[in-house]
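Throughout, protein chains are lettered first and strands after them, A, B, ... in sequence-line order, and every chain is numbered starting at 1. These numbers come from a predicted model, not from an experiment.
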Amino acid sequence: MLADSFTKWLWDRRRSIATWTVAVAAVGGFYAAFWPTIDSPDMRDAIENYPSGLLEALNYTDIATPSGYLSATVYGLVVAALVIVYSVSAGARLVAGDEEAGTLDLVLAHPLSRSRLALQRYAALVVSLVTISSGLLVVIVALVKPFDLTGISFGDLLAMHVHLVLFGMVFGAMAYAAGAATGRRAPAVGGGALLAVFGFAANGILPQVDGLEWIDRLSPFAWLNGGAPLQNGLQIVDLSIMVVLVVVLVATGTVAFERRDVSV
Amino acid sequence: MPEAAIRTEALVKDYGTARGLDGLDLEVLTGEVFGFLGPNGAGKTTAIRLFVDLIRPTSGEATVLGLDPRSDGVELRRRLGYLPGDFVVDGRQSGRELLTYLANLRGRVAATRIDDLAERLGLDTTREVKTLSRGNRQKIGVIQAFMHEPELLVLDEPTSGLDPFLQAEFVAMAREVAAEGRTVFMSSHVMSEVQRCADRVGVIRAGRLVTVESIHELGQRSARHVEVLFAAPVPAEDFAGVSGLRDVAVAGSRLTCRLDGPADELLKAIAAHPVITITAEEPDLTDVFFESFDIGRDDAG
Ligand SMILES: Nc1ncnc2c1ncn2[C@@H]1O[C@H](COP(=O)(O)OP(=O)(O)OP(=O)(O)O)[C@@H](O)[C@H]1O
Ligand SMILES: [Mg+2]
């Protein structure tokens, strides 16, 4: 059970991971269950009368189909926000939180290298993200029939969840890297929050400025949802960007962690 | 002479804002208990954390168990036990859970070892750490440092928070380690604690080693307080000529004095009268130590 720092991390956070799984599934399911209300003639008229700029900013352009609705509200917004909060706070805790609490010293005095410890913990974070995402997947699949979420293939739904997990991994890696390099939680959480704010702005607002349309490509929200995996399946370019970013961030943070002093 | 368990040469640790070590030259022999004594901020913790590769030296060299902590950290840490000066762990786990995890990180720890040590120190390992008193938490720290029977124990103020009974138990454990040819390096603020346990003591001040002394030799050099209660009043003159005796005071049938040197002559003088009780205290080496080296007592509490 407690064979290494990978299982220990998951075991220590079993309650938190369970809570997050339930919360994300509940909130995501709640929003998904609103589809029949949206799917009414009145609502469609209302949306058609919205200014197109606003719809674009909210990614609501395709909101009149079940997949468009889920994509824009559940995956692109609410669940994305929850996953960011979870990934950043957990990522910041992987090294920096432990170090600030003064509990890292003892573990690092054991025969395992710092990189090994840190990478095992990041791997555990990935597993926790898969767990949280799976909980939501189960709930969405269960809601398809009772709430008329028609026209979504299971394959595309899986693809959406692959994007979601990687999206969380990016934010987790950002917080991990800043925390591992500095040993402090504030820069770790700050780094993650900054990426979230930039990502949100670059995805909805900034591209409406003339000459800044391209900035959307730099947003994690675009990598999550820009290619609409819920309608079009896996988006290889977006996934690759996220994978590369994760690798770069994790590697940079780990190298910096290996080199510096551990504070008491 | 046995090979050194720890050797440092001109070890410097600069924190930027403060200097932790300022050219430490130290040699700790294999199989000894070495007491590392010094005032607050002297650099004890800095040295210890350098040995475990938690921090990196600015310059100079440290060799621990023949290895370089920087390049052979994993191998080195396999062979040593470490007790941080500030032993904090996540409170939401039982002592057993934590100790099992740490044992698993090490690989081979005999299953009964944790239970034996817990029983010896009187620790209930089923309780959540956060519900334990400070001393009981410290016991977990001591157990995890000792449980895998490492070649070298590096302990930062190991007895802080332990009651006198447990301090004595700790001394016994440290002596057993040395008796098996293994090495103990422990830091402390107080001489009286180190003297019961250590073979040698080194004093560090402002990041430099001031002196290293053998406890045995210090003991021989220091005066013991002796008190004798006789069956009847005794004349003070009987003890006036005894060599090595100072501060002689006779009040009726009670003699108090300080003995510096061999006890033979005093014993024979005492034996001339019927004796009821005799007490000879272990010398407190603090005095002799700081007198002989003019280090200043304020420095070491
Ligand atoms: N992380 C750090 N950053 C800056 N200065 C530090 C740091 N750690 C220690 N120091 C400084 O280095 C010096 C030595 O500190 P160290 O903790 O090694 O002393 P110590 O002998 O263990 O003291 P104590 O008996 O209080 O535990 C002190 O002046 C301290 O202020
Ligand atoms: Mg200290």
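- Distance check, rounded to the nearest 0.5 Å: CZ of A/Arg114 to CG of B/Asp53 gives 5.5 Å.
- Around atom CZ of A/Arg259, no more than 12 heavy atoms belonging to other residues, nucleotides or ligands sit under 6.0 Å away.
- Looking only at heavy-atom pairs under 4.5 Å with chain A, the residue among B/Arg56, B/Arg92, B/Glu75, B/Arg78 that has the most is B/Arg56.
- The environment of CD in B/Glu176 is crowded: more than 12 heavy-atom neighbours from other residues, nucleotides or ligands sit within 6.0 Å.
- Heavy-atom distances place the backbone of A/Arg260, and not its side chain, under 4.5 Å from chain B.
- Only the backbone of A/Ser263 comes within contact range of chain B, with heavy atoms under 4.5 Å apart.
- For the options B/Arg106, B/Gln93, B/Gln144, heavy-atom pairs under 4.5 Å to chain A are most numerous at B/Arg106.
- For A/Arg116, the CZ atom is loosely surrounded, since the number of other residues' heavy atoms within 6.0 Å does not exceed 12.
- Between the side chain of B/Arg77 and the backbone N or O of A/His110, at least one donor-acceptor pair lies under 3.5 Å.
- No more than 12 heavy atoms of other residues, nucleotides or ligands shown are found within 6.0 angstrom of OH on A/Tyr31.
- If you tally non-hydrogen atom pairs under 4.5 Å between each of B/Val52, B/Asp86, B/Leu105 and chain A, the highest count goes to B/Leu105.
- Around CD of A/Glu258, the count of heavy atoms belonging to other residues, nucleotides or ligands within 6.0 Å exceeds 12.
- Summarising the local packing, CZ of A/Phe30 is surrounded by 12 or fewer heavy atoms from other residues, nucleotides or ligands at distances under 6.0 Å.
- Within the 4.5 angstrom heavy-atom criterion, only side-chain atoms of A/Asp12, from C-beta onward, approach chain B.
- If you measure heavy-atom distances from A/Ala109 to chain B, the contacts under 4.5 Å come from both the backbone and the side chain.
- Under the 4.5 Å side-chain criterion, counting only non-hydrogen atoms from C-beta, A/Leu108 is not in contact with B/Arg49.
- Rounding to the nearest 0.5 Å gives a distance of 12.0 Å between CG of B/Asp90 and CG of A/Leu106.
- Note: A/Lys8 NZ to B/Leu98 CG = 6.0 Å, rounded to the nearest 0.5 Å.
- With rounding to the nearest 0.5 angstrom, the CG atom of B/Leu54 is 4.5 Å from the CG atom of A/Asp105.
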